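Beneath this line is the structure, given in structure tokens, with notes to follow.
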Amino acid sequence: MAETILETIAAHTRRRVEEDRRRLPLELLRDQCGQEGQAGGRRFLNALQGRGLGLICEVKKASPSKGILSEDFPYLDVARDYQAAGADCISCLTEPKWFLGSDQVFGDIRAAVSIPMLRKDFTVDEYQIYQARLLGAEAVLLICALLDTRTIARYLELCGELGLSAVVEAHDETELASAVSAGASIIGVNNRNLKDFSVDFATAARLRERIPPEVLYVAESGVTGPADVAELKRIGADAVLMGEVLMRAKDRAALLAALREAAK
Ligand SMILES: O=P(O)(O)OC[C@@H](O)[C@@H](O)c1c[nH]c2ccccc12
């Protein structure tokens, strides 16, 4: 069978991590993490709890499904607008080849805003969790389709040790069961199928009832405006993660205000 885009990105990411590791071995990266001050702990989770519907706004220049989303990519303005408009958290893509992200962009934004940040990358190695910690992230992404249950559990433990939250992403019943049994406290259901890019809110609705009440439920992808936010709230999401609609917006402030209103 043809390799899916997700597998292609994962394979490329493994090579990227190997290069990073050659430049900075894990032991040294670990030492550097050890010298960091107090980590975010539950800041990411706390920011999304008890808020009605939490808003996670994403900074991304491009995506494999849509190509370039923002030609000039004024990422610092974007991130500052998110914070000013009352976003609860920021997600920032760091994958360089398909999303045109970078650790540099992440770091610049980290220095410019105070709200919790998710380092959005394709986690295939614990090395990336230490990297996220060093970048000042409060959270990482763990995609179930790329990791078995034991690995997810192990990474969650490491996140706990480093003071990071993790959004564990599932797309169907099997992946969701894996996220739950690994002990995830934040589960994201991606409305976009990363295997063929199709978007369907029915996924978020269908999987809702299988998510334990104590787990924070994030509906991800495919939001086109306030009506979608209201719909995901009705479905029972605790937070939404959206990117493209914001990156393309002509009047970001106005759109964010409308989205915030719909999330109340
Ligand atoms: O731009 P959108 O459709 O609003 O989606 C944002 C976010 O959910 C999406 O970027 C995403 C969700 N899960 C991912 C995993 C990897 C890369 C990207 C993603």
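As the structure is a computational prediction, the values presented were derived from the model and not from experiment. Counting convention: from 1, in listed order, for ligands and their atoms alike.
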What protein heavy atom sits nearest [atom], and how far away is it?
| atom | result |
| --- | --- |
| atom 4 (O) of ligand 1 | G243 N, 2.7 Å |
| atom 8 (O) of ligand 1 | S221 OG, 2.7 Å |
| atom 6 (C) of ligand 1 | E58 OE2, 3.4 Å |

Subset of ligand 1 atoms that lie under 4.0 Å from at least one heavy atom of [X]:
| X | result |
| --- | --- |
| M242 | 4 (O) |
| K60 | 1 (O), 2 (P), 5 (O), 6 (C), 9 (C), 10 (O) |
| F122 | 16 (C), 17 (C) |
| E244 | 1 (O), 2 (P), 4 (O) |
| E169 | 12 (C), 13 (N), 14 (C), 15 (C) |
| R192 | 2 (P), 3 (O), 5 (O) |
| F99 | 17 (C), 18 (C) |

Practice task
Can you figure out which of K66, E220, K120, H171 has its heavy atom closest to atom 19 (C) of ligand 1?
Solution key: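 Ranked by closest heavy atom to atom 19 (C) of ligand 1, first place is K120.
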Problem - Option set L141, V245, D121, criterion heavy-atom distance to atom 15 (C) of ligand 1, minimum - result: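 It is L141 that holds the nearest heavy atom.
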Practice task
Return a yes/no value for G222: is any of its N or O atoms, backbone included, closer than 3.5 angstrom to an N or O of ligand 1?
Solution key: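 For ligand 1, there is an N or O atom that lies under 3.5 Å from one belonging to G222.
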Exercise for the section: Determine whether P116 and D88 make a side-chain contact, defined as any pair of heavy atoms from C-beta on separated by less than 4.5 Å. Expected result: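 No, side chains not in contact.
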Pairwise distance [atom1]([X]) to [atom2]([Y]) - rounded to 0.5 angstrom:
| X | Y | atom1 | atom2 | answer |
| --- | --- | --- | --- | --- |
| L53 | R260 | CG | CZ | 8.0 Å |
| S185 | L45 | OG | CG | 5.5 Å |
| Y82 | I90 | OH | CD1 | 7.5 Å |

Exercise for the section: Spell out, as yes or no, whether a donor-acceptor pair under 3.5 Å connects the side chain of R133 to the backbone of C33. Expected result: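 Side chain of R133 to backbone of C33, a donor-acceptor pair under 3.5 Å: no, none is there.
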Exercise for the section: Assess whether atom CZ of R21 is packed by more than 12 heavy atoms of other residues, nucleotides or ligands within 6.0 Å. Expected result: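 Atom CZ in R21 is crowded, with more than 12 foreign heavy atoms closer than 6.0 Å.
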Exercise for the section: Using a cut-off of 6.0 Å, state whether more than 12 heavy atoms not belonging to E157 lie near its atom CD. Expected result: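 No - once you tally the heavy atoms of other residues, nucleotides and ligands closer than 6.0 Å, there are 12 at most.
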Practice task
Could you tell me whether E19 and R16 have a side-chain N and a carboxylate O separated by less than 4.0 Å?
Solution key: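 Looking at R16 together with E19, the answer is no, because their closest N to O distance does not fall below 4.0 Å.
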Handout entry: Donor-acceptor side-chain pairing of S221 and N191 below 3.5 angstrom
Key =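 Side-chain D/A pair, S221 to N191: absent.
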